[in-house]
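The structure appears below as structure tokens.
In what follows, residues are counted from 1 in the order of the sequence shown. Scope of the values below: all heavy atoms of this structure, side chains included, with no hydrogens, waters or symmetry mates.
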Amino acid sequence: MGSDEGADAVLKVDDINLTDWEFWRSPHDHRQEAFKALREHPQLVLFEEPDVTFVPQGPGYYAVTRHADLLEASRRPQDFCSGKGATSIWDMPGDLHEYFGSMISMDDPRHAKIRRIVSRAFSPRMIQRFQDQVETVAAEIIDRVTAGEGTGDFVADIAARLPLKIICDMMGIAPEHYQTVFDSTNIILAGNDSEFIPSDDPEQMGLALLGAGETLKGLVEELGRQRRVAPTDDLTSALVNANIDGESLTDQELGSFFILLVVAGNETTRNAIAHGLDLFTRHPDQRALLTEDFEARMPGAVEEIVRYVSPVIWMRRTATRDTMLNEHEIKEGDKLLLYYWSANRDESVFTDPERFDILRDPNPHVGFGGPGPHFCLGAHLARREITVVFRELFRRTPGIRATGEPDRLESSFLNGIKRLPYTF
């Protein structure tokens, strides 16, 4: 690593280690200072890969921290591919890649095939039905909350319930399997959090991930077999019976897509909602602005929550050839981690980026991914869920607020909240 040449940075780049778990346990201000130093550094900085026992240690990864560099890499999937792995720094062994090698870790033409089939299954009628269902589910959840004692864990009571039920209902997963789906997604996105995964034993960690993937894949494959024989009006039926130009989803592709859907659509939306209550509690002026004219200001508030929180902190790309990324020299095989969290705080793009401002305009955040083929397929539904839950909360429980610090997930990949105490 080189020395820090940023004019205002307090931290030296040599002192930053994004691979060290201690970095991700450090306070928000320390991490923000580190990413600021990396953005100001003239070259991309190379970090060592994590040392895990079940795969050989790789050559390292470059941290892509500037907004402009992240956009450029996202726009050039032919040069910076996802097919070598998008959600892990190390190259996954075949058995793990089989379960987690969903669309997010594919390149064209296979990525285009899967996305085409999936997009066709999301018909306008189906999308409208599930958008309408968000209203019903949110009302039911808040009915339960208002009938309670007025205190609890916001994640368990509200933030986790809405996206989980919407996605399970969308796929046709029966209510008795909700907890299984919830527990499995927690394991898959556990990061280094020992509450969900035995992080001190890499072999057990791999087995836990594999077991969670097998559970989800088995659940949806069995459902798929039923829906091929007796189709209903759910998304699983649409997916397994879709045939576009002679192409349909295999069981493996269906299982991997379901894992992506429940992981990306459940965990990220739930974290955006949980962070949202925490932010509105910390910034009562922004909450007052929102409630003055909710319908006009909530679209901007959703975008600002997603920018500020960046539920997914990074995704990986791999260089397919020797090339340039803006002024950075890249060699074939180089790994790049696109740090959305950092790009969303780039001072050259966002004025006073540490300020939570629901009126921020423009707000070209990359919280749903950068431009290109991997922009979040569920962004529209996520926006809808965040909007509806806060509309219902602020209308029916106007005094709701967080009453303590969030219990944060120990992860470098997901900006997660495990628990958040609240009262109304």
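Side chain of D234 to backbone of S237: a donor-acceptor contact under 3.5 angstrom is found. Remark: the backbone N or O of P421 is not paired with any side-chain donor or acceptor of D153 at under 3.5 angstrom. No donor-acceptor pair closer than 3.5 Å links the side chain of R321 to the backbone N or O of F80. Not one N or O on the side chain of N344 forms a donor-acceptor pair closer than 3.5 Å with the backbone of H365. Side-chain atoms of T281 come within 3.5 Å of backbone atoms of A402 as a donor-acceptor pair (strictly under, hydrogens ignored). Proximity of a side-chain donor or acceptor of T185 to a complementary backbone N or O of V262 within less than 3.5 Å is not detected. A donor-acceptor pair is defined here as one N or O able to donate and one able to accept, closer than 3.5 Å; such a pair exists between the side chain of E253 and the backbone of T250. Checked by atom type and distance alone, the side chain of W314 pairs as donor or acceptor with a backbone atom of S412 at under 3.5 Å. Between the side chain of D15 and the backbone N or O of L11 there is no donor-acceptor pair closer than 3.5 Å. Panel note: side chain T397, backbone G399; no donor-acceptor pair is recorded below 3.5 Å.
Taking the centre of each ring, Y340 and F368 stay at or above the 6.0 Å mark. You'll find the ring centres of F390 and F280 inside the 6.0 Å limit.
Here E33 does not pair with K36 in a salt bridge; the nearest charged N to carboxylate O distance is not below 4.0 Å. With salt bridges taken as basic N to acidic carboxylate O contacts below 4.0 Å, none links K217 and E214. Salt-bridge check for R66 with E347: failed, with every basic side-chain N at 4.0 Å or more from each acidic carboxylate O. Under a 4.0 Å N-O distance rule, the pair R144/E140 does not qualify as a salt bridge. Looking at D91 and K335, a side-chain N of the basic residue comes within less than 4.0 Å of a carboxylate O on the acidic one, giving a salt bridge. Taking 4.0 Å as the cut-off between side-chain N and carboxylate O, R383 and E303 count as a salt-bridged pair. Between R76 and D79, at least one side-chain nitrogen of the basic residue sits less than 4.0 Å from a carboxylate oxygen of the acidic one, meeting the salt-bridge criterion. Note on D278 versus R282: salt bridge recorded, some NZ/NE/NH1/NH2 to OD/OE distance being below 4.0 Å. R228 has a carboxylate O that lies under 4.0 Å from a charged side-chain N of D251, or vice versa, which qualifies the two as a salt bridge. In summary, R419 and E405 do not engage in a salt bridge, as defined by a charged side-chain N under 4.0 Å from a carboxylate O.
Smallest separation of non-hydrogen atoms from F182 and A160: CE1-CB, 3.8 Å. The two residues N271 and G416 make their nearest non-hydrogen contact at OD1-CA, 3.3 Å. Across L325 and A73, no two heavy atoms sit closer than the pair CD1-N, 3.6 Å. Between A212 and I187, the shortest heavy-atom contact is CB-CG2, 3.9 Å. Taking all atoms of both residues into account, the shortest heavy-atom contact from R297 to L289 is NH1-O, 2.6 Å. Between S248 and A242, the closest heavy-atom pair is CB-O, 3.1 Å.
Considering only heavy atoms from C-beta on, Y422 comes within 4.5 Å of I400 through its side chain. The shortest distance between side-chain heavy atoms of T403 and R401 falls below 4.5 Å. Residues T87 and R316 have side chains not in contact (no heavy-atom distance under 4.5 Å, counting atoms from C-beta outward). Under the 4.5 Å side-chain criterion, counting only non-hydrogen atoms from C-beta, I313 is not in contact with L414. Side-chain atoms of K418 and R408, non-hydrogen and from C-beta on, never get closer than 4.5 Å to each other. In this structure the side chain of F154 never reaches within 4.5 angstrom of the side chain of V145, judged on heavy atoms. K113 has its side chain out of reach of M106: every pair of non-hydrogen atoms, C-beta onward, lies at least 4.5 Å apart. At a threshold of 4.5 Å between non-hydrogen side-chain atoms, the residues Q286 and D357 count as touching.
Ring geometry for W24 versus F35: interplanar angle of 30 to 60°, hence tilted. Using a 30° and 60° split on the angle between ring planes, Y308 and H283 fall in the perpendicular class, above 60°.
Side-chain contact annotation: S310 with N415, donor-acceptor N/O pair under 3.5 Å absent. Side-chain atoms of T232 and R227 include a donor-acceptor pair closer than 3.5 Å. Using a 3.5 Å distance cut-off with no hydrogens or angles, the side chains of D169 and Y178 do pair a donor with an acceptor. Side-chain contact check for T19 and Y61: at least one donor-acceptor pair (N or O, by modelled atom type) lies under 3.5 Å. Looking at H380 and Q131, their side chains do bring a donor and an acceptor atom within 3.5 Å of each other. For S82 and H374, the side-chain atoms include at least one donor-acceptor pair closer than 3.5 Å.
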| request: Check the pair M171 / L261 against side-chain contact (heavy atoms from CB on, under 4.5 Å), numbers first and verdict last. | output: CA-CA 10 Å; M171 292 294 290; L261 188 67; 3.6 Å; yes

| field | R396 and F424: CA distance, side-chain angles, deciding distance, side-chain contact (heavy atoms from CB on, under 4.5 Å) verdict | value | CA-CA 10 Å; R396 297 179 55 191; F424 62 88; over 6 Å; no

| task | Take T320 and Q78 through the test side-chain contact (heavy atoms from CB on, under 4.5 Å) and record every step on the way to the result. | result | CA-CA 7 Å; T320 60; Q78 71 281 7; 5.8 Å; no

| field | side-chain contact (heavy atoms from CB on, under 4.5 Å) between D69 and L44, intermediate numbers included | value | CA-CA 10 Å; D69 292 344; L44 296 180; 4.2 Å; yes

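Distance CD1/I305 to CD1/I386: 6.0 Å, rounded to 0.5 Å. Rounding to the nearest 0.5 Å places CD of Q252 at 14.0 Å from CZ of F257. The structure places CZ of R110 at 12.0 Å from CG of D108, a figure rounded to the nearest 0.5 Å. With rounding to the nearest 0.5 Å, the separation of CD in E392 from CG in L162 is 10.5 Å. Atom CG of L336 is separated from atom NE2 of H328 by 9.5 Å, given to the nearest 0.5 angstrom. Between atom OH of residue Y339 and atom CG of residue L18 there is a gap of 4.5 Å, rounded to the nearest 0.5 Å.
Within a 6.0 Å sphere centred on CD of E149, heavy atoms belonging to other residues, nucleotides or ligands number 12 at most. Within a 6.0 Å sphere centred on CD of E292, heavy atoms belonging to other residues, nucleotides or ligands number more than 12.
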